[in-house]
Protein chains: 2
Amino acid sequence: MLKRGEFDQIDQQAINTIRMLSAEMIQKAKSGHPGLPLGAAPMAYTLWAGAMRHNPFNPRWPDRDRFVLSAGHGSAMLYAMLHLFDYGLTIDDLKQFRQKDSRTPGHPEYEHTPGVEITTGPLGQGVANAVGFAWAESFLAARFNKPGYDLVDHYTYALCGDGCLMEGVASEAASLAGTLKLGKLILLYDSNNITIEGSTELAFTENVADRFKAYGWHVQTVEDGNDVLAIQAALSNAKEETTRPSLIEIKTIIGYGAPNKQGKSSAHGEPLGEAEILLAKQGFKHPEEPFAVPEEVRARFAELTAEGIAKNNAWQSLLGRYQQSYPEDYKAWEEWHSDELPVNFATLIGSNSFWQYTDDLATRISSEQILNKISPVLPNLIGGSADLAPSTKTVMKDKDFYSPDNHSGGNFHFGVREHAMGAIANAMAVHGGLRPYVSGFFVFSDYMKHAMRLSAIMKQPVIYIMTHDSIGVGEDGPTHQPIEHLAALRSIPNFTVIRPCDTRETAAAWAMAITRSDSPTAFILTRQNLPLLQGSGKGAFRGGYILSDDINPETNLPDILLIATGSEVHLMTEAQKVLKDEKIHARVVSMPSFEIFEEQEQSYKESVLPPSVRVRLAAEAGSSFGWHRYIGLDGDIISIDQFGASAPAELLFKEFGFTVENVLEKARALIAKK
Amino acid sequence: MLKRGEFDQIDQQAINTIRMLSAEMIQKAKSGHPGLPLGAAPMAYTLWAGAMRHNPFNPRWPDRDRFVLSAGHGSAMLYAMLHLFDYGLTIDDLKQFRQKDSRTPGHPEYEHTPGVEITTGPLGQGVANAVGFAWAESFLAARFNKPGYDLVDHYTYALCGDGCLMEGVASEAASLAGTLKLGKLILLYDSNNITIEGSTELAFTENVADRFKAYGWHVQTVEDGNDVLAIQAALSNAKEETTRPSLIEIKTIIGYGAPNKQGKSSAHGEPLGEAEILLAKQGFKHPEEPFAVPEEVRARFAELTAEGIAKNNAWQSLLGRYQQSYPEDYKAWEEWHSDELPVNFATLIGSNSFWQYTDDLATRISSEQILNKISPVLPNLIGGSADLAPSTKTVMKDKDFYSPDNHSGGNFHFGVREHAMGAIANAMAVHGGLRPYVSGFFVFSDYMKHAMRLSAIMKQPVIYIMTHDSIGVGEDGPTHQPIEHLAALRSIPNFTVIRPCDTRETAAAWAMAITRSDSPTAFILTRQNLPLLQGSGKGAFRGGYILSDDINPETNLPDILLIATGSEVHLMTEAQKVLKDEKIHARVVSMPSFEIFEEQEQSYKESVLPPSVRVRLAAEAGSSFGWHRYIGLDGDIISIDQFGASAPAELLFKEFGFTVENVLEKARALIAKK
């Protein structure tokens, strides 16, 4: 590692090599963002070469420092460094930048490229991700560290630009990081005064340094982004300051070294052009042949990694001694970091008590009860709410609240910051060791929708507990009543939505969410009480199932399928009884999860929803959008395709047609039309 | 109006009356949020009685000061004031708080209650709305004011709490307001240190005042929220400071006057209880009978409004003189504020030139051309982008850029702040006089989804220009490729989504969006070129239409329906030709807008999609979610139900099956299955 004060000509060549490899990758791809790599290469090199503890040969070392390229459009720079530091990317990989099936996609993708810690690109997310990493570190340190055994002791670094810092998600996360005093979080701000539309004078004249001071951060400024010694000093100070998160604003010139483009918006997001690259190479005295890496530069990178390897080895020894000294904690460490669930969890969900309930409950209360059964057997289950825990019922009673004075609390206060909450949870899931959940009112899932999308892209099993799921919200009115939100989440690829109809289905929802390892899950829960339904429960494991059947002996099929989710299922079972008296044979299908139902084999799906039965009626207190997959062109649905209203919930359900009478009327009409 | 320094016992009684009416409304409704009204009544009264220029008898006076209750859960306080200031709400209306069809819903709803300037409740939105109001004011002032004729000269006030200021949307908007130096924006911050989960110590220890100073705001603090004279002074200073927006942090006690609840989270969001209300009344020496308004208090409110009425009358005279002195500008004023579109616009879209195009263009370029035809005939069309105008192609070339030095520019720089952009556009639309559009990459519509929802709730014709609409984004990869976003927007009630297939349909999209007055519209546009298709164009006015038909003479119907939107339509027309040679008669339906198609009469819809034709194939480069409404249980769809990838766009379209060959294969399979 480069020590503070060390910096020679070869280091300068190394920086220029990062710059030129980046520019050449982008040129070859005919697509990409050269502005950031040219301006920020010195800070990135200084960080990776001197401050950051990492082992390229073991990118999954649990106690490595984390690096988040929040400005993910600067991916070429990251890939150039991953090549030079020998993370396993080859020059050929670099030449395949942004090409199909390459290891060097347009923006950094988690689990796609070794050394990429998290998927970034959507601006601002990475800043919040970094807060999540640092928070996870401090929680794990409090849980596992022992005197003389700092098993968890790493920094989180992020690099962001003006764009990231304009986004609200970054503001939310930075404010929270200040409150939490996350002292091992260090944010490098590539401050180049240029955005796509032009100078930051146009839309971003705030004093970022003062803003972060107001958040409670430790703030430094480096006036010249090429002044490596100043960057070293600032990094060193930031590491020493462990009671506050640190911002280092580093003034740079976008596209530095490209003589005709530097300092201009045009350097940001398009290839420089062959001629301009040649001029830059000449200016940097860099070899002109394509994708050149001078030998002495290669050798320098090899030297630089030696210390990281040694530290990784030392840590591995420490872990070995820890195993001897603290066998129980070591066992927990292994369990927390395992892909397997603890045996206790399987025992719990296999027990009768997990499934036995007698009360009619709001599913948010059901969820609270089940969460509190699961929490003791999943000590690494952590989570909280965007200031709504008393309403979303998401406190784990066997765990403390996390605070700057108590890092071992597994209950988190996120404040009124949905977007940051989602992005932080993503990072906690990616970090390793933890199973995060978050919660809020369903209607405000909008505020964090993009973070939810990123959970799905990264295949992270974040659990989203979304309560107050429809007009059942009642008096708070249309601004607080989700209508279209089920459709919005169901349409996200690799995202699982579960809307349980009672406590047993809520138990199934929790069991499924904990068991799923490669997709996020959202629970959509009611504010109001729902009846416990006969036959409900484990059928939910298949997404949709026959809750109550009534077969027409003549056809050996039901006459009508009544399909519903959540608070509407009981309307269907009540209607079924009345229809039976009218000699109409209705099957009630509870469909808590479209996604899980669609994962089932075709024969199962057809056994639940026989293709020949076209008389189908669905009910869901939300948009009909997406339901025709099950009701087809001949079915009908009781849904809400307008905004709600402010009134007591019971009145609204009547008003919007969610009554047994309306189900009967629609069912009879469909049968008559057949 | 109450002058600075004036404040007597009756004013104090007036404040207590606001408090007690609010508490009683909430108690009667058994639902609501008493904490804010009790704490913030003094600042609200001081503002409305002394600083704010308004005329209760003319709530639509164009030059009134605007008031935004960003903390919309404090609606009871707003309604109490609207009653007392005689905006037309009666005591009976107050007694109907949060009841069905009342004029006093749970959160303030625009165009539902006289005097409610904008729908609020979703935290943070109101702060951004206020920025939008103030921005609109300054633009309109620059356009219309003349020496001696300050036709547009009003302040925007907003009242927010800790929750609003934790939300990223508020941070984004505040930063932008500082950059723009919106000097007539005044934000009152009800700083009570309490949120739902407890003290702000838990999650919000930042120094808000310093943060706003960093944004470039003028900041004052009032230490005691009951100190009306100090609030008066601060308001007076804030009004005098017209070169910067002003924040007034006012320290209050949540639930003030409720002896057992004040200062606690429990005061926030549930009725105080009859006994506690009684104690509060006794403490305030307020009459104990329900919903009491002391006579002298009524009289005071009547006095207070006199000046507002006079000012409104004076303004009306001014407008009359303006009409004489500046007849052309007056005409423009009337046009800008009219619900009718200017004749020039009808002429334009009726002209042949509006519909004549010859080039294959990316629809974002088509949109740019059409925008620049429309802009000159709609001088009050204003808008911009979240730092992506060079990519979204949304600059109006006949208009300047707005800046602190040039308030007359109609092109706006929003910075990288999608969420604030949407909320600001909502306020600009609500303000009156303006037709706003905003733009960004479609995938980041997620960031502003809730603002889009609020456009729809408020029935505001904001235009959202969303480009880079699918895997056509290419190399930027999955983080930048929208997949589920069409479904997300289509499912919002009262929201119109249009995905045109070529330049003529893009022209239709613009014509429809401008013509629609009561719903927002989103254009979903390509990055890449699309062919101009024969027969495309005005058919889009019906949402979906037969672009190219081929009828089987035996059945007098097509054998198969090929339905597509945007960049996939041309695949269908090409496939149609091949199928024709195979004696398969295919109808190509272009379906740029589900919503507009669904607005058509049933007979039209059935003429386009005959119910008896069940062989249906759709294609859209996005999620299949929602498409079964048109393809039913028997159809098929070429769609993308996974995330995209980083690669050149042409490769991706092939990879994901968007080829004529694949359309043919699927079509033949469906025909064979029939």
Side-chain angles (χ1 to χ4, degrees), chain A residues 31 98-100 105-107 121-123 163 166-169 171-172 175 178-179 195-197 202-207 210-211 214-215 387 389 413 415-417 419 446-447 449-450 457 475-479 483-484 487-488 491-493 623 625-626 628-629 632-633 641-643 646-647 651, chain B residues 31 98-100 105-107 121-123 163 166-169 171-172 175 178-179 195-197 202-207 210-211 214-215 387 389 413 415-417 419 446-447 449-450 457 475-479 483-484 487-488 491-493 623 625-626 628-629 632-633 641-643 646-647 651:
Chain A
S31 163
R98 295 185 154 231
Q99 302 311 301
K100 215 177 139 301
H107 290 83
L123 293 178
M166 280 190 257
E167 289 287 5
V169 61
S171 299
E172 290 175 8
S175 171
T179 295
T195 70
I196 291 175
E197 293 188 359
L202 299 176
F204 191 51
T205 56
E206 65 166 63
N207 186 323
D210 282 355
R211 170 154 68 102
Y215 291 142
D387 196 42
H413 294 291
V416 189
R417 303 182 183 97
H419 202 169
D446 280 350
Y447 277 47
K449 180 161 187 283
H450 205 80
I457 286 191
E475 291 87 346
D476 274 341
T479 54
I483 298 295
E484 69 275 24
S491 59
I492 303 176
S623 166
F625 198 84
H628 290 77
R629 179 164 197 163
L633 300 180
D641 292 299
Q642 63 184 90
F643 292 108
S646 171
L651 275 184
Chain B
S31 165
R98 294 184 154 232
Q99 303 310 300
K100 215 177 141 303
H107 289 83
L123 293 178
M166 280 190 258
E167 290 286 5
V169 61
S171 299
E172 291 175 8
S175 171
T179 296
T195 69
I196 291 174
E197 293 188 1
L202 300 175
F204 192 51
T205 57
E206 66 166 63
N207 186 323
D210 281 355
R211 170 155 67 101
Y215 291 141
D387 195 42
H413 294 291
V416 189
R417 305 182 181 97
H419 201 170
D446 280 350
Y447 277 45
K449 180 161 187 285
H450 205 80
I457 286 191
E475 292 87 347
D476 275 342
T479 54
I483 298 296
E484 69 275 23
S491 58
I492 303 176
S623 167
F625 198 84
H628 290 77
R629 178 164 197 163
L633 300 180
D641 292 300
Q642 63 185 89
F643 292 107
S646 170
L651 276 183

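Being a predicted model, the structure only gives us computed values, none of them experimental. Just so it is clear: chains get the letters A, B, ... in the order the sequence lines come, proteins before strands, and each one is counted from 1.
In this structure, R211(B) contributes its side chain and S175(A) its backbone to no donor-acceptor pair below 3.5 Å. No donor-acceptor distance shorter than 3.5 angstrom exists from the side chain of Y447(B) to the backbone of V169(A), with no hydrogens or angles considered.
Most heavy-atom pairs under 4.5 Å with chain B, from the set G106(A), G477(A), A214(A), A488(A): that is A214(A). In terms of heavy-atom pairs under 4.5 Å with chain B, the best-connected choice from M166(A), K100(A), Q99(A) is M166(A). Across G626(A), G168(A), A647(A), P493(A), the residue that shares the most heavy-atom pairs under 4.5 angstrom with chain B is P493(A). When the candidates G415(A), S623(A), A487(A), G178(A) are compared by the number of heavy-atom contacts under 4.5 Å with chain B, A487(A) comes out ahead. Per-residue counts of heavy-atom pairs under 4.5 Å with chain A were compared for F204(B), F625(B), Y215(B); the largest is that of F625(B). Each of D210(A), L651(A), N207(A), I457(A) has some count of heavy-atom pairs under 4.5 Å with chain B, and the biggest count is that of I457(A).
Interface remark: H450(A) contributes backbone and side-chain atoms alike to the contact with chain B (heavy atom separation under 4.5 Å). Of the two parts of D641(B), only the backbone, made up of N, CA, C and O, holds a non-hydrogen atom closer than 4.5 Å to a non-hydrogen atom of chain A. Both the backbone and the side chain of T479(A) come within contact range of chain B, with heavy atoms under 4.5 Å apart.
The minimum heavy-atom distance linking E206(B) with T179(A) is given by the pair N-OG1, 4.3 Å.
Within the model, atoms NE2 of H628(B) and NE2 of H628(A) stand 11.0 Å from one another, a figure rounded to the nearest 0.5 Å.
Side-chain contact between E167(A) and E172(B) is present, with heavy atoms from C-beta onward closer than 4.5 Å. Put simply, the side chain of H107(A) does not reach to within 4.5 Å of the side chain of S646(B), judged on heavy atoms.
Not counting sequence neighbours, the partners of E197(A) by the side-chain hydrogen bond (donor to acceptor under 3.5 Å, both in side chains) test are H413(B). Residues forming a side-chain hydrogen bond (donor to acceptor under 3.5 Å, both in side chains) with T195(B) (at least two apart in sequence, or on another chain): D387(A).
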